[in-house]
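Atoms within a ligand are numbered from 1 in the order they appear, just like the ligands themselves.
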Amino acid sequence: MNPSSALSIDAVQRQLRTRTFGKRILLFQEIDSTNSELLRQAEAGSLPFTSGLAFLPEGGVVLAESQTRGKGRLGRKWISPPGANLYLSLLLRPSDPYFSPFLSLLSAVAVAEAIEATTGISPLIKWPNDLLIPTPAGERKLGGILLELSSPATDPSLHLLIVGFGINVNLPQKDFPPEIASEAFSLCELVGKPVDRNRLAAELLNRMEAWYTRLRSGGPKEREEIRLAWIKRSGTLGRRVRIIRPQQAVTGRAEGITPEGALILRLENGETETFAAADVVHLRPTE
Ligand code: BTN
């Protein structure tokens, strides 16, 4: 198969080793945001009188060739040109929203493993779930994950968690829009040829289901396994970082993550502070 070919539900599903993840996929040539579409589909399916086409079960997927309003973390936009990258949203229905921080770590580990299995390249994870590649010009972003939690008005006890993956796959460096060209990187530049997006999507779903099943059926031991797998791939721990907060920025050394997935920072005055959610900048040794 031509690795630069279009996304295809059939090509993804042929490479799945899952029980439920990816068994139902909706593919769009263009959509506002795969996360928004998945949420619309999932909420429609939560109404007692809807079924069939509108209904997406846990493990349901929305894929798109392009997004007109791709969403990034912290209200940023995710630039989503057609035909080259992966924009994939996966529906989870965790029994407890308490799972969310682990799911953030778990998703980063799963996507790093999927990239490794497909291309042999091992990206680093920037806390909580950005994928980075070190280059001579500094670290560049290969991808990111946006988790959105929602409870339908019809049944607030029903938690819907949308996990949206954006991975720069086959967009040549010269085609990145100028506003992100100096920060972003594409897998094809590292591999030296186009990467098969259908295989990457299938590997991502394979790994997501394997980790998610362990988390759901397990306890503290399985959560610790996820934490350790994240630590093994972390590009943040041990680094001097700046935490950007609305009030003020804080600088320190990233020392660890708590069992819940929060980042532990050793501040310059020697004290430690823990951050459940924030934007992190990796500092160079000279900064
Ligand atoms: C980040 O800011 O790093 C997270 C980016 C997440 C982008 C993906 S693309 C597929 C899904 N749909 C969206 O609108 N956003 C996520």
*Starting at CG of N85, measure out to CG of L171 and round the result to the nearest 0.5 Å.*
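Spacing of CG (N85) from CG (L171) equals 5.0 Å.
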*In Å, rounded to the nearest 0.5 Å, how long is the span from CG of L146 to CZ of R76?*
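L146 atom CG to R76 atom CZ measures 11.0 Å (nearest 0.5 Å).
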_Using a 3.5 Å cut-off on N or O atoms only, is R69 in polar contact with ligand 1?_
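No; the residue has no nitrogen or oxygen that sits under 3.5 Å from a nitrogen or oxygen of the ligand.
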[X]: numbered ligand 1 atoms lying under 4.0 Å from its heavy atoms:
X    : result
G70  : 14 (O)
T34  : 10 (C), 11 (C), 12 (N)
D130 : 3 (O)

_Against ligand 1, does Q67 come closer than 4.0 Å with any heavy atom?_
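So Q67 counts as touching ligand 1.
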Who's the nearest protein heavy-atom neighbour of [atom], and how far?
atom                   : value
atom 4 (C) of ligand 1 : I145 N, 3.5 Å
atom 5 (C) of ligand 1 : W78 CE3, 3.4 Å
atom 2 (O) of ligand 1 : R73 N, 2.6 Å

*Side-chain donor-acceptor pair present, S8, N198, cut-off under 3.5 Å*: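 No donor-acceptor contact under 3.5 Å links the two side chains.
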_Keeping D32 on the side-chain end and R69 on the backbone end, is there a donor-acceptor pair under 3.5 Å?_
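No, D32 side chain to R69 backbone: no donor-acceptor pair under 3.5 Å.
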*Decide if atom CZ of R73 counts as having more than 12 heavy atoms of other residues, nucleotides or ligands within a radius under 6.0 Å.*
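Yes, the 6.0 Å shell around CZ holds more than 12 heavy atoms from other groups.
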*Take atom NZ in K77; do more than 12 heavy atoms of anything else shown fall under 6.0 Å from it?*
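Counting neighbours around NZ of K77, 12 or fewer heavy atoms of other residues, nucleotides or ligands fall under 6.0 Å, so no.
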*Going through the checks in order, is the salt bridge (charged side-chain N to carboxylate O under 4.0 Å, His left out) test met by R17 and E203?*
CA-CA 9 Å; R17 300 184 300 276; E203 287 298 344; 3.5 Å; yes
*asked:* Does only the side chain of S89 get under 4.0 Å from ligand 1, or the backbone, or both, or neither? Count heavy atoms.
replied: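 It is the side chain that gets close, since no backbone atom is under 4.0 Å.
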*May I ask you to identify, for L74, whether its side chain, its backbone, both or neither come under 4.0 Å of ligand 1 on a heavy-atom basis?*
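None of L74 does.
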_Under-4.0 Å salt bridge between E273 and R245_ =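 So E273 pairs with R245 through a salt bridge.
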_Judged on heavy-atom distance to atom 15 (N) of ligand 1, which of K71, K141, K126 sits nearest?_
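When every heavy atom of K71, K141, K126 is considered, K71 comes closest to atom 15 (N) of ligand 1.
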